[in-house]
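Hydrogens, waters and symmetry mates are skipped; everything else that's a heavy atom, side chains included, is used. Keep in mind the model is a prediction, meaning the values are calculated, not measured.
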Amino acid sequence: MQSTAKNPLEYIESLPEERKEAILKIREAILQNLPVGFEEVMNYGMLGYVVPHSIYPKGYHCDPKLPLPLMGLASQKNNISFYHMGIYADPQLLNWFVAEYPNHVKSKLDMGKSCIRFKKMNEIPYTLIGALVAKLTTDRWIQLYESSFTK
């Protein structure tokens, strides 16, 4: 179920206590490493990190009224999900992340195309998330996006 929170703080306040600390720490890792140009918003009922229309007026091809998304962070029923479209669009970034993950966490990586799932709150690699966030500038993300997802 998507959250109806109007802003990130309202979203965090709505979470169960056992998830708040982890979401806050992930959010802090993101915000401390977020390259210039990206903005934090509520997007698809979760925390979103996007290229705003002021930088990329075309918006998201699935719905041009929305800004171009890169990342999302959500508390789901069984896990915390961190979505990063860059690891889906850039094989080098994906390979780096998959190779680096075992250096930070002992458990197996639980990942879909752009979704990294954390089931154990004490095994979230906050430093690695921050390093991943820092790797894509807005210009590089737009370039990857246009070459991977648009015609």
Side-chain angles (χ1 to χ4, degrees), residues 2-3 5 7-9 11-12 15-16 18-56 58-63 66-150:
Q2 290 185 353
S3 171
N7 61 61
L9 294 179
Y11 176 79
I12 293 165
L15 298 176
E18 65 272 10
R19 295 286 179 90
K20 281 183 187 177
E21 182 180 358
I23 291 284
L24 281 168
K25 285 183 179 179
I26 295 171
R27 180 179 183 242
E28 181 180 336
I30 292 169
L31 292 176
Q32 286 181 350
N33 293 282
L34 195 63
V36 172
F38 290 104
E39 289 182 356
E40 181 182 54
V41 298
M42 287 301 300
N43 205 13
Y44 292 100
M46 68 179 94
L47 300 179
Y49 301 88
V50 303
V51 180
H53 284 104
S54 60
I55 293 174
Y56 191 70
K58 294 179 190 176
Y60 189 34
H61 72 278
C62 293
D63 183 351
L66 294 175
L68 176 61
L70 173 61
M71 297 176 287
L73 177 61
S75 178
Q76 307 289 6
K77 181 178 179 182
N78 297 313
N79 60 64
I80 289 177
S81 295
F82 175 61
Y83 302 88
H84 194 291
M85 292 295 292
I87 58 177
Y88 180 59
D90 184 351
Q92 286 183 300
L93 188 58
L94 172 63
N95 292 339
W96 169 83
F97 184 80
V98 170
E100 193 62 31
Y101 191 85
N103 297 327
H104 297 264
V105 179
K106 293 179 183 178
S107 59
K108 184 181 172 190
L109 175 60
D110 183 359
M111 186 171 145
K113 290 181 179 178
S114 71
C115 177
I116 305 156
R117 293 174 285 274
F118 302 110
K119 293 181 181 165
K120 297 178 182 177
M121 300 305 107
N122 62 337
E123 291 190 10
I124 297 173
Y126 302 106
T127 326
L128 180 59
I129 291 169
L132 175 61
V133 168
K135 287 197 173 280
L136 278 182
T137 64
T138 53
D139 288 343
R140 178 68 179 134
W141 172 230
I142 291 167
Q143 179 186 45
L144 275 169
Y145 170 75
E146 288 185 341
S147 66
S148 300
F149 300 107
T150 62

Any residue meeting salt bridge (Lys or Arg N to Asp or Glu O under 4.0 Å) with Lys120, in chain and number order, not counting sequence neighbours: none
From Tyr60 atom OH to Tyr44 atom OH, the distance as rounded to the nearest 0.5 Å: 5.0 Å
Partner residues of His61 under the ring pair (Phe, Tyr, Trp, His ring centres under 6.0 Å) criterion, sequence neighbours left out: Tyr145
From Phe38 atom CZ to Asn33 atom CG, the distance as rounded to the nearest 0.5 Å: 12.5 Å
Spacing of Ile80 atom CD1 and Met121 atom CE [to the nearest 0.5 Å]: 4.0 Å
CG-NE2 distance between Leu68 and His53, expressed to the nearest 0.5 angstrom: 9.0 Å
Where Phe118 and Pro125 come nearest, the two heavy atoms and their spacing: CE2-CD, 3.4 Å
Nearest heavy-atom neighbours spanning Pro52 and Pro67: CA-CB, 4.0 Å
For Arg27, all residues meeting salt bridge (Lys or Arg N to Asp or Glu O under 4.0 Å), sequence neighbours excluded: Glu40
Spacing of CG belonging to Leu136 relative to OH belonging to Tyr49, to within rounding of 0.5 Å: 15.5 Å
Side chains of Glu146 and Tyr56, donor plus acceptor under 3.5 Å: yes
Residue pair Lys25 / Tyr126: nearest heavy atoms and the distance that separates them: CB-CE2, 3.3 Å
For residues 84-102, which side-chain donor-acceptor pairs fall under 3.5 Å, sequence neighbours excluded?
residue: His84; atom: ND1; partner: Gly86; partner atom: N; Å: 3.1
residue: His84; atom: ND1; partner: Ile87; partner atom: N; Å: 3.4
residue: Asp90; atom: OD1; partner: Gln92; partner atom: N; Å: 3.0
residue: Asp90; atom: OD1; partner: Leu93; partner atom: N; Å: 3.4
residue: Asn95; atom: ND2; partner: Pro91; partner atom: O; Å: 3.2
residue: Glu100; atom: OE2; partner: His104; partner atom: NE2; Å: 3.1

Gln143 vs Asp139 side-chain heavy atoms within contact, under 4.5 Å: no
Nearest heavy-atom neighbours spanning Val133 and Pro35: O-CD, 3.5 Å
Euclidean distance, Trp141 CH2 relative to Met71 CE, rounded to 0.5 Å: 10.0 Å
Pairing residues for Asp110 by the salt bridge (Lys or Arg N to Asp or Glu O under 4.0 Å) criterion, not counting sequence neighbours: Arg117, Lys119
Shortest non-hydrogen contact from Tyr11 toward Met46: CE1-CA, 4.3 Å
Pairwise side-chain contact, Ile124 with Ile129, heavy-atom cut-off 4.5 Å (strictly under): yes
Candidate pair Ile26 and Leu47, rule side chain to side chain contact (heavy atoms under 4.5 Å, CB included), full reasoning: CA-CA 11 Å; Ile26 295 171; Leu47 300 179; over 6 Å; no
Test side-chain hydrogen bond (donor to acceptor under 3.5 Å, both in side chains) applied to Ser107 - qualifying residues, sequence neighbours left out: Glu123
Ile142 vs Ile55 side-chain heavy atoms within contact, under 4.5 Å: yes
Polar side-chain atom of Arg19 near backbone of Asn79 as donor-acceptor pair, under 3.5 Å: yes
